[in-house]
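To start, the structure under review is shown below, and the notes come after it.
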Amino acid sequence: MTGGTVTPSDPPGVHDLPELPEVEITRRHLERALTGRALAEVAITHPRTARHNSSIEEVETRLRGRRVVEVGRKGKFLLVGLDDGQTMVAHLGMSGRFSVASPEEERPAHTHFVARLDDGTELRFVDPRTFGFVAALDEEEIAGSGVARLGPDAWGERPEAAALAYRLRGRIAPIKALLLDQGPISGLGNIYADEALHRAGIHPQTPGGELSESRLAMLADAIVAVLEQAIEKGGTTLDDLAYLLPDGRAGENLERLRVYGREELPCLACGTPIERVVIRARSSFFCPTCQTR
DNA sequence: AACGATCCCTGTTGGC
DNA sequence: TGCCAACAGGGATCGT
């Protein structure tokens, strides 16, 4: 039921929407597989995958022959440092997935990027919906990209209440929208934003700038807790058709979700039916009793 | 500057 | 049984 219609009795379902935990799991996998390796040959087969450079050929040329120095992450962006100072910037978008496989293994449908590595394996990027991308950017290009507008990483940098208060000061947009914005704090998507707000007892429509420092302290703690748990559980795979982890395993965080996709089901804390509202064209699930403005 | 709307895209599904 | 419109999502872009 990946991306299917959401009905009250039917959890949205469910695929693996890559948010910070899923990207961090991917980063760890790539760190092991790519560090020290050279991208011997690079082939991109879908123009949207290369849209952050001027052409497919430019990405291929700029990455070809480069050696991987480090694999980092900020928010939901993967930052693969290369030996000439460039960075291979990648985003999984809605449906992107990296894997490292033997060239003999059949390539899955929607494989839009392949890099042959100098150890004989192949780095692949599969992305049916093409919301993801792979780019070759230098320092200056990164400074002008979306990466530069990211707020502190929600897990790696863990902004505390005072930092959140500063970043949300005067903002009247709903806190849910601000958490999705990636500017005040980066890495949260629709699932973990809802989960963190529920854990913190904050209504998603509360204007961000109106949250007291004590409530922001609860939010900061809740964000780290939901992300930590999701990373430990291998991320959230929402249905067994969609694959999630780079090694092919499904994540096991789904059972831990307390509000996302649970419209009309009883709140696990108080029994009140979970409600759904649309904020910034995204579903927000919340408990009207536990979460207040 | 901040905010909201719109667009991109495809697999899945509800409704007919 | 089969067809098709609706829907989900992150981020870039644009209008107000």
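Convention: sequence-line order gives letters A, B, ...; per-chain numbering from 1.
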Find the distance [X]:[atom1] to [N]:[atom2] and express it as a whole number of Å.
| X | N | atom1 | atom2 | result |
| --- | --- | --- | --- | --- |
| A/Ile279 | B/dA2 | CD1 | P | 20 Å |
| A/Leu20 | C/dG10 | CG | P | 13 Å |
| A/Leu180 | B/dA5 | CG | P | 14 Å |
| A/Arg282 | C/dC7 | CZ | C1' | 11 Å |
| A/Arg51 | B/dC7 | CZ | C1' | 12 Å |

Where the side chain of [X] is defined as all heavy atoms beyond and including C-beta, which of [options] is the nearest nucleotide?
| X | options | result |
| --- | --- | --- |
| A/His110 | B/dG11, B/dA2, C/dG9 | B/dG11 |
| A/Arg276 | C/dG10, C/dA8, C/dA12 | C/dA8 |
| A/Arg129 | B/dG11, B/dC8, C/dG11 | B/dG11 |
| A/Ala173 | B/dG11, B/dC9, B/dC3 | B/dC3 |
| A/Phe77 | B/dC3, C/dG10, C/dG11 | C/dG11 |

Within the supplied structure, the quantity of interest is the number of heavy atoms (other residues, nucleotides, ligands) at a distance under 6.0 Å from A/Gln205 CD; does it exceed 12? yes

Taking any heavy-atom pair under 4.0 Å as a contact, classify A/Ile172: base, sugar-phosphate, or nothing. sugar-phosphate

Using 30° and 60° as the class boundaries, would you call the ring planes of A/His91 and A/Phe77 parallel, tilted or perpendicular? perpendicular

